[in-house]
Amino acid sequence: MNTLRTRWKALVLTFLLALSLAVPAAAAEPETADTETTAADLQTLADTAASYAAQYGGAQSLQYALWQDGEIVLTGQAGDFSRSENRLMTGDELYGIGSVSKIYTTVAIMQLVEDGKVSLDAPVTRYLKDFKMADPRYKDITVRMLLNHSSGLLGTGLSDAMLFGEASTKAHDTLLEKLSTQRLAADPGAFSVYCNDGFSLAELVVEAVSGQSFMDYVDENILAPLDLDRTFAPGGDFDTDDLARIYRGTDPRALPQDTLNAIGAGGIYATASDLASFGGALTGTELLRQSSLDAMAYPEYSRGLWPDSGEPDSLAYGLGWDNMEWYPFCQSDIQALVKGGDTLYYHAGLVVLPEYDMAAAVVSSGGVSTYNQLAANQILISALAEDGVTVDQTVKTLPAAEPATMPAEQMENAGYYGTTSVQYQVEITADGTMTLSTMNYPTTMPAQTFTYYSDGSFRDEYGSYISFVEEDNGQTYLYQQAVSPLPGLGALPTASYAAVKLPENDLSPEVAAAWDSISTMSILPMNEAYNSQTYLALADATATDTPKAVPGYIGSARIVDAATARSEIQVPGVGSRDGVDYQLENRNGVLWINAKGSLYMDAAAAPAIYAGPGGARAIIQSAGYTCWYQVGDAAGKTMTVQVPEGAGFWVYDGSGQVVASSVLWGDTSVTLPEGGLVAFAGDPDDIFQLSYQG
């Protein structure tokens with residue numbers, strides 16, 4: 001019987017708040033701004049860059065702004081505000097800026113540091129007395145580590161934060177409770193890896209020290225001094241109709257408001273002009289002293305484990321900033337600070353040039369934050385050209401080397417490598433051929449072949465460079481280096497640890513048997529809010545192929561025993577972000593999975609929905625778990641639902657696609673699909689009245 005094929009990769013959905021780094025390679029050289037750019041040319045070049053970003057990312061709409069010397073000097077748009085409304089874009093539309101919100105959080109913390117109320121190197125427990133974890137190392141986490149992503153926290157807990165159409169404080173209010181049962185993924189300060197929960201903790205620090213709600217503090221101390229009146233958070237005093245429309249795929253129906261209720265980590269809305277003006281304020285001392293601005297731009301990533309290549313990478317963490325050595329500006333000795341942000345539906349890029357008093361922001365509905373950042377680069381490069389400043393956009397080539405005889409010890413680097421989201425198999429033969437297979441996506445990611453070169457690297461015909469590095473922590477890392485040109489937007493370099501070698505993990509027959517069926521089992525979320533974005537994301541996580549598994553692992557988590565698997569991967573940058581520990585539970589003969597507090601049930605245990613005479617009722621039990629039903633023999637009947645207030649239902653077809661939802665489209669009836677599933681979610685004791693025709 002067909003069911004919603006939500007396999008294990010659904011458990012590790014990253015709910016992207018960090019940069020998307022999937023920039024396709026292109027053969028053409030990037031375009032370079034003319035050093036004699038005029039004001040008219042600047043608008044044209046900016047429009048062109050915006051169009052490229054929208055095109056490559058598939059954005060519905062996009063908005064940009066350039067701030068220079070104290071004012072917005074250039075704005076523009078691309079795309080359409082709506083697929084169904086005849087509404088012109090004016091530049092006053094609001095977009096979610098995702099993780100660019102982290103810079104507002106960083107500024108708030110630095111202001112409190114300047115006031116003597118917070119010390120960056122004091123433990124977080126000094127300010128959050130109720131902060132505790134099931135790992136004694138939590139006491140060593142400092143405020144600085146929250147801002148430079150080196151806290152060691154597992155990562156992201158947004159199950160109650162990413163909702164449609166509701167400004168909820170539940171994720172904020174329960175954060176400390178959730179963290180109290182978690183362990184750390186690494187020693188605090190060991191290395192920087194992207195971590196949303198660190199900034200949610202920083203948000204709590206701001207509130208505890210200031211005595212204000214986070215957004216009240218931001219309004220009073222950041223937005224008001226800059227006269228920024230088009231920046232808000234969910235639940236703020238603004239017209240939600242001003243939010244740029246969001247969509248799923250090609251569906252012409254707009255989705256409800258995208259609310260990310262982890263404000264300090266990624267929940268702010270803004271116009272491109274407001275965002276660029278905020279970034280521009282960080283070129284001077286209006287919000288912070290110069291010493292604080294310098295501290296934010298310090299290479300914080302260098303305090304811990306990081307590749308020692310000296311090559312530019314897409315990531316180089318400061319305090320809050322994703323990169324404070326941003327390419328291509330670094331090739332011309334120009335410091336550029338960058339922050340990207342993604343929710344599931346909005347995307348943003350902010351690039352700041354402190355020494356030139358410039359900042360550019362690009363925000364979009366749909367799209368990819370990386371493309372937005374690259375478009376912001378081109379806008380700034382064109383503006384610098386207007387002032388007679390040239391930025392070297394030469395795409396750097398790899399060091400010269402020739403194919404060579406491979407030393408036998410390179411064979412020891414063969415094996416399995418992984419991040420928290422992707423696993424690889426590396427095979428090396430004595431003739432110097434290395435094959436890299438991506439295990440998670442066997443049909444869409446063909447194996448790559450590399451040849452050994454005289455400098456100890458393995459290279460392919462496209463110029464990708466891989467080597468193996470044994471770090472001081474005793475672990476072997478797969479190091480990657482490449483530059484991906486993108487016509488019209490410049491290029492994006494990569495020089496990072498792509499994965500770490502996974503230790504062999506032999507299992508007893510009993511433990512192996514307990515996990516054998518898990519990787520292909522269909523699972524259903526049980527403790528999500530009725531309007532959680534997870535219910536729609538399930539359709540995107542539907543698997544059509546069975547992924548290969550690393551022996552002894554479930555995804556990237558090492559199987560410990562018959563009921564436990566732990567995320568133990570340690571890769572700086574983004575490679576070990578959002579680790580998840582899994583616990584199997586047997587509840588009345590049904591397998592449940594606890595994934596860092598998110599609960600999932602074996603889909604096979606969902607009963608068939610009753611569609612007989614007199615209709616039926618679906619009742620949310622005292623535990624509040626979602627009620628899931630197989631459509632079964634009710635396929636073809638039209639179900640009408642009386643939905644309680646503050647509750648909702650979702651209907652999926654046999655391929656896992658959402659075909660009806662009271663949350664998304666206000667549906668009250670649906671013809672039940674063959675092989676489908678129905679979910680009812682709400683508060684304990686909520687009752688859904690069901691009636692049928694056909």
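FYI, side chains are in, hydrogens and waters are out, and symmetry mates aren't considered; it's all heavy atoms of this structure.
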Are Y625 and W592 close enough that their ring centres sit under 6.0 Å apart? yes

Is there a donor-acceptor contact under 3.5 Å from the side chain of S365 to the main chain of R245? yes

Heavy-atom pair of closest approach, residues A348 and S369: O-CB, 3.3 Å

Looking at every heavy atom in both A660 and V670, which two are closest together, and how far apart are they? CB-CG2, 3.5 Å

When the ring centroid of F649 is compared with that of F688, is the distance short of 6.0 Å? no

How many angstroms lie between atom OG of S101 and atom CG of N196, to the nearest 0.5 angstrom? 10.0 Å

Verify side-chain hydrogen bond (donor to acceptor under 3.5 Å, both in side chains) between S661 and D667, making sure each step is shown before the conclusion. CA-CA 5 Å; S661 169; D667 294 325; 5.9 Å; no

Is there a donor-acceptor pair closer than 3.5 Å between any side-chain N or O of N505 and the backbone N or O of R558? no

For L672 against M639, the heavy-atom pair lying closest together: CD2-CE, 4.0 Å

Please answer whether the main-chain N or O of L255 pairs with a side-chain N or O of Y345 as donor and acceptor at a distance below 3.5 Å. no

Does the side chain of N594 reach to within under 4.5 Å of the side chain of Y582, using non-hydrogen atoms? no

Using atom types as modelled and distance alone, determine if a side-chain donor or acceptor of T174 lies under 3.5 Å from a backbone N or O of K170. yes

Are any side-chain N or O atoms of K501 and backbone N or O atoms of E470, one a donor and one an acceptor, separated by less than 3.5 Å? no

Working note: L184 + L153, criterion side-chain contact (heavy atoms from CB on, under 4.5 Å); need CA distance, chi angles, decisive distance, verdict. CA-CA 5 Å; L184 292 178; L153 295 168; 3.8 Å; yes

Can you tell me how far CG of D187 sits from CD of Q570, rounded to the nearest 0.5 angstrom? 7.5 Å

Do side-chain atoms of W628 reach the backbone of F680 as a donor and acceptor pair under 3.5 angstrom? no

A side-chain contact here means heavy atoms from C-beta on lying under 4.5 Å apart; do H172 and S200 qualify? no

Given the rule in the side-chain contact (heavy atoms from CB on, under 4.5 Å) test, do I593 and L584 qualify, once you have shown the distances and angles that lead to the verdict? CA-CA 5 Å; I593 301 164; L584 303 187; 3.8 Å; yes

R248 side chain to Q657 side chain, donor-acceptor N/O pair below 3.5 angstrom: yes

Does a donor on one side chain and an acceptor on the other come within less than 3.5 Å for S496 and Q480? yes

Search all heavy atoms of L260 against all heavy atoms of G266 and return the closest pair with its distance. CD1-O, 3.5 Å

Side chains of N261 and E166, donor plus acceptor under 3.5 Å: no

Would you check if the side chain of T259 reaches a backbone N or O of L163 as a donor-acceptor pair within less than 3.5 Å? yes

Can a salt bridge be assigned to the pair K178 and D160 using a cut-off of 4.0 Å between side-chain N and carboxylate O? yes

Verify the distance criterion only: is there a donor paired with an acceptor across the side chains of K102 and Y194 at less than 3.5 Å? yes

Compare all side-chain heavy atoms of L664 with those of L536 and state whether any distance is below 4.5 angstrom. yes

Applying ring pair (Phe, Tyr, Trp, His ring centres under 6.0 Å) to Y416 and Y424, what does each step give before you reach the verdict? CA-CA 6 Å; Y416 296 100; Y424 306 96; over 10 Å; no

How about S150 and S192: does a side-chain donor come under 3.5 Å of a side-chain acceptor? no

Check: Q583/T564 side-chain N/O donor and acceptor closer than 3.5 Å: yes

Rounded to the nearest 0.5 Å, what's the gap from OG1 on T476 to CG on L502? Could you check? 11.0 Å

Would one find more than 12 heavy atoms of other residues, nucleotides or ligands at under 6.0 Å from atom CG of D516? yes

Carefully, step by step, assess M162 and T534 under the rule side-chain contact (heavy atoms from CB on, under 4.5 Å). CA-CA 8 Å; M162 305 188 76; T534 296; over 6 Å; no

Parallel, tilted or perpendicular: which fits the ring planes of Y56 and Y371, with parallel below 30° and perpendicular above 60°? tilted

Which pair of heavy atoms, one from G636 and one from T671, lies closest together, and at what distance? O-CG2, 3.6 Å

Less than 6.0 Å separating the ring centroids of H149 and F191? no

E177 atom CD, over 12 foreign heavy atoms within 6.0 Å: no

Taking the side chain as C-beta and beyond, is there a heavy-atom pair between V663 and Y535 under 4.5 Å? no

Nearest heavy-atom approach of P188 to R137 is CG-O, 3.5 Å

Salt bridge (charged side-chain N to carboxylate O under 4.0 Å, His left out) involving D683 - partner list, sequence neighbours excluded: none

May I ask you to check whether Y497 and Y477 place their ring centers less than 6.0 Å from one another? yes

For the residue pair S567 and D581, confirm or rule out a side-chain donor-acceptor distance under 3.5 Å. no

Would a distance-only check, ignoring hydrogens and angles, find a side-chain to backbone donor-acceptor pair under 3.5 Å from S576 to V571? yes

Quick check: do I609 and L690 have side-chain heavy atoms less than 4.5 Å from each other? yes

Just wondering, do D686 and I619 contact through their side chains at under 4.5 Å, heavy atoms? no

Expected output: side-chain W650 to main-chain Y530 donor-acceptor under 3.5 Å: yes

Using modelled atom types and a 3.5 Å cut-off, is there a donor and acceptor pairing between side-chain atoms of D197 and backbone atoms of G157? yes

Distance (rounded to the nearest 0.5 Å) between D602 CG and L524 CG: 8.0 Å

Kindly indicate whether the side chain of N413, heavy atoms from C-beta on, has any atom under 4.5 Å from the side chain of V426. no

Given the rule in the side-chain contact (heavy atoms from CB on, under 4.5 Å) test, do N588 and V590 qualify, once you have shown the distances and angles that lead to the verdict? CA-CA 6 Å; N588 299 318; V590 176; 5.6 Å; no

Once you round to the nearest 0.5 Å, how far does CD of Q448 lie from CE of M434? 8.0 Å

Side-chain contact, heavy-atom cut-off 4.5 Å: F468 with Y417? yes

For the atom pair CE (M521) and CG (L591), what is the distance rounded to the nearest 0.5 Å? 4.5 Å

